[in-house]
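Shown next, in structure tokens, is the structure this report addresses.
Below, each value reflects all heavy atoms present in this structure, side chains not excepted, and no hydrogens, waters or symmetry copies. Below, chains carry the letters A, B, ... as their sequence lines are ordered, and counting in each starts from 1. Here the structure is a predicted model, which is why all the values come from computation and not from measurement.
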Amino acid sequence: MSFKYESIEELVSYSKEAEGKYLIDIDTKDIIGKTNKGSVGAVIEQSYFGYSANSKAEADFADVGIELKTTGVIRQKRGTIAAKERLVLNIINYMDEVGRDFATSSFWSKNNKLLIFFYTYVRDSNGKPDYSKFQILKTILHEFSEKDLEIIRQDWDLIHNKIKLGLAHELSEGDTQILGACTKGASKKSMREQPFSSIPAKQRAYSLKQGYMTALVKQYIDHEKLIPITNVKELKYKTVEEIIKEKFAQYIGKTELEIIKLLNLKESNAKNNAQLLTSGILGITGTKLDKIEEFSKLNIKFKTVTYEKTGILKESMSFENLNFQDIYLNDWETSELKMKFESTQFLFVIFQKNNENQKVLKGVKLWNVPLTILDNEIREVYVEVKKLLADGIVEWKEGNRYRNNLPKSGFNGVCHIRPKGQNRVKSMIVLPNGQELPNQAFWFNAKFIKELTLDIL
DNA sequence: GCATGATCATGC
DNA sequence: GCATGATCATGC
């Protein structure tokens with residue numbers, strides 16, 4: 001008694017009827033109760049559409065070429081909305097995919113039309129999923145815009161090339177912009193053969209990266225307007241990075257003030273000058289860089305790097321405060337921190353102070369965390385923090401300052417943990433073990449940032 | 001000059 | 001009021 005539809009329209013309109021419904025009300029077969037794994041996809045497939053669990057690997061609605069997907073949406077502390085994670089698509093068969101082109105690729109043939117069920121992912125007070133509160137927020141039939149497709153095509157080419165070069169074992173999700181190749185399998189040990197190398201490669205699936213999914217959520221659910229800085233025509237022969245670099249090129253060597261005047265922006269000495277200026281150069285007014293379509297879809301985060309006139313880089317680079325709850329609950333592999341760093345690209349806007357102490361624009365650089373740094377130094381710091389969280393973090397007073405035993409810049413030379421907040425009292429938090437500590441952030445060492453950006457000076 | 005704790009400024 | 005980017009301040 002599965003759902004019968006006559007047309008795509010009918011399928012879409014039936015899907016729409018699920019909006020607002022709670023998953024437990026849809027789950028007539030008690031799938032959540034049985035598996036206790038919250039297989040939202042299974043509930044929609046089996047209870048809402050009435051398909052059996054042993055369905056084939058083909059597009060779910062094969063006759064109309066539509067693939068059914070469910071994906072979690074979370075409300076962040078500040079009320080903004082985001083995709084909980086990447087959307088995982090089909091597994092890449094390296095042996096088979098290598099002989100295809102984009103049009104005949106398994107990615108395109110299976111996923112060119114996606115029927116996506118967005119649901120709210122709610123956690124209980126212990127941080128575990130609370131399935132009784134999962135609710136279908138929105139259902140959409142997603143087809144890729146021409147522009148997204150140009151970027152996806154660049155991504156697909158890169159993945160395809162690595163397979164052709166016998167480098168499937170070096171694929172990483174950070175390589176690409178929208179279409180990723182994420183690991184998939186029961187364990188990390190799930191390996192596959194590749195056509196041009198005897199080295200076994202990790203099993204990977206195509207994915208729509210988290211930044212792209214968050215951009216979709218913002219557009220479809222929050223109806224946020226995103227402002228593009230590129231167009232289809234440009235993207236046919238340039239990457240987003242090249243386009244950004246071109247926009248900055250004419251301002252290199254000029255001081256902050258000069259650029260502000262050239263762009264007719266309001267003068268200020270504020271700490272967010274660099275941000276105002278970056279928006280201005282990219283043709284956006286205000287500071288809302290995340291409103292830029294490409295920044296949102298490609299998950300590009302802006303960071304300024306300011307060198308002293310002597311060429312010293314004084315300041316380390318800070319990130320968000322650590323989510324100790326997440327660290328307590330998750331191992332590195334499933335941690336928020338890993339997910340953030342592997343899915344984010346950073347746009348470094350690099351300045352150097354001149355003799356008058358004004359900041360001169362030196363250049364920009366798009367960078368993502370290399371796998372080796374992620375799997376080694378960042379993981380090491382994570383594991384250490386998790387260990388300290390279990391043993392109890394030690395804090396003591398030296399003069400007017402408190403000290404603690406969290407990993408410092410000497411820990412591995414790349415990253416460290418340091419307090420960040422309005423002040424000690426206001427930034428006090430309670431750790432999962434009940435201990436009180438001022439908020440702590442993750443930082444990249446100044447020396448490490450210098451290595452990454454020195455070529456721009 | 002560096003390491004690291006502390007806090008400012010802005011925007012939501 | 002708080003999160004976050006940016007920067008200051010102290011001590012070695």
Whether over 12 other heavy atoms sit under 6.0 Å from Asn400(A) CG
no
Are any of Thr304(A)'s side-chain N or O atoms less than 4.0 Å away from OP1 or OP2 of dG5(C)?
no
Taking the side chain as C-beta and beyond, is there a heavy-atom pair between Ile244(A) and Phe295(A) under 4.5 Å?
yes
note: Arg403(A), atom CZ; dT10(C), atom P; distance rounded to Å ~ 14 Å
Rounded to whole angstrom units, what separation is found between the CZ atom of Phe319(A) and the C1' atom of dT4(C)?
12 Å
If you look at every strand shown and take non-hydrogen atoms under 4.0 Å, does Arg424(A) touch a base, only sugar-phosphate, or nothing?
sugar-phosphate
Position toward the 5' end of DNA chain B (nearest nucleotide), Glu395(A) or Lys447(A):
Lys447(A)
Side chain of Trp443(A) - closest among dT7(C), dT4(B), dT4(C)
dT7(C)
For a side-chain hydrogen bond (donor to acceptor under 3.5 Å, both in side chains) check, start with the C-alpha distance between Thr239(A) and Gln154(A), then their side-chain angles and the critical distance, and finish with the verdict.
CA-CA 8 Å; Thr239(A) 62; Gln154(A) 292 174 1; 5.6 Å; no
Can you measure Arg418(A) atom CZ to dT7(B) atom P for me and round it to whole angstrom units?
14 Å
Do the side-chain N or O atoms of Lys408(A) get closer than 4.0 angstrom to the phosphate oxygens (OP1, OP2) of dG5(B)?
yes
For a quick check of understanding: with a heavy-atom distance under 4.0 Å over all strands, which category does Lys420(A) fall into, base, sugar-phosphate or nothing?
base
Among the candidates dT7(C), dG5(C), dC2(B), find the nucleotide nearest to the side-chain atoms of Ile312(A).
dC2(B)
How is Gly421(A) classified with respect to the nucleic acid when contacts are heavy atoms under 4.0 Å: base, sugar-phosphate, or nothing?
base
Which comes earlier along DNA chain C counting from the 5' end, the contact point of Phe302(A) or that of Asn400(A), where each point is its nearest nucleotide?
Phe302(A)
For Lys21(A), look at atom NZ and say whether over 12 heavy atoms of other residues, nucleotides or ligands are found less than 6.0 Å away.
yes
Taking only side-chain N and O atoms of Lys314(A), does any of them lie within less than 4.0 angstrom of OP1 or OP2 on dT7(C)?
no
Once you apply a heavy-atom cut-off of 4.0 Å, does Glu315(A) come out as touching a base, just sugar-phosphate, or nothing?
base
In this structure, how many angstroms lie between the C1' atom of dG5(B) and the CZ atom of Arg401(A), rounded?
4 Å
Assess whether atom OH of Tyr220(A) is packed by more than 12 heavy atoms of other residues, nucleotides or ligands within 6.0 Å.
yes
Given dT7(C), is OP1 or OP2 found less than 4.0 Å from the side-chain N or O atoms of Lys359(A)?
yes
Comparing Lys426(A) and Lys301(A) on DNA chain C - which has the more 5′ nearest nucleotide:
Lys426(A)
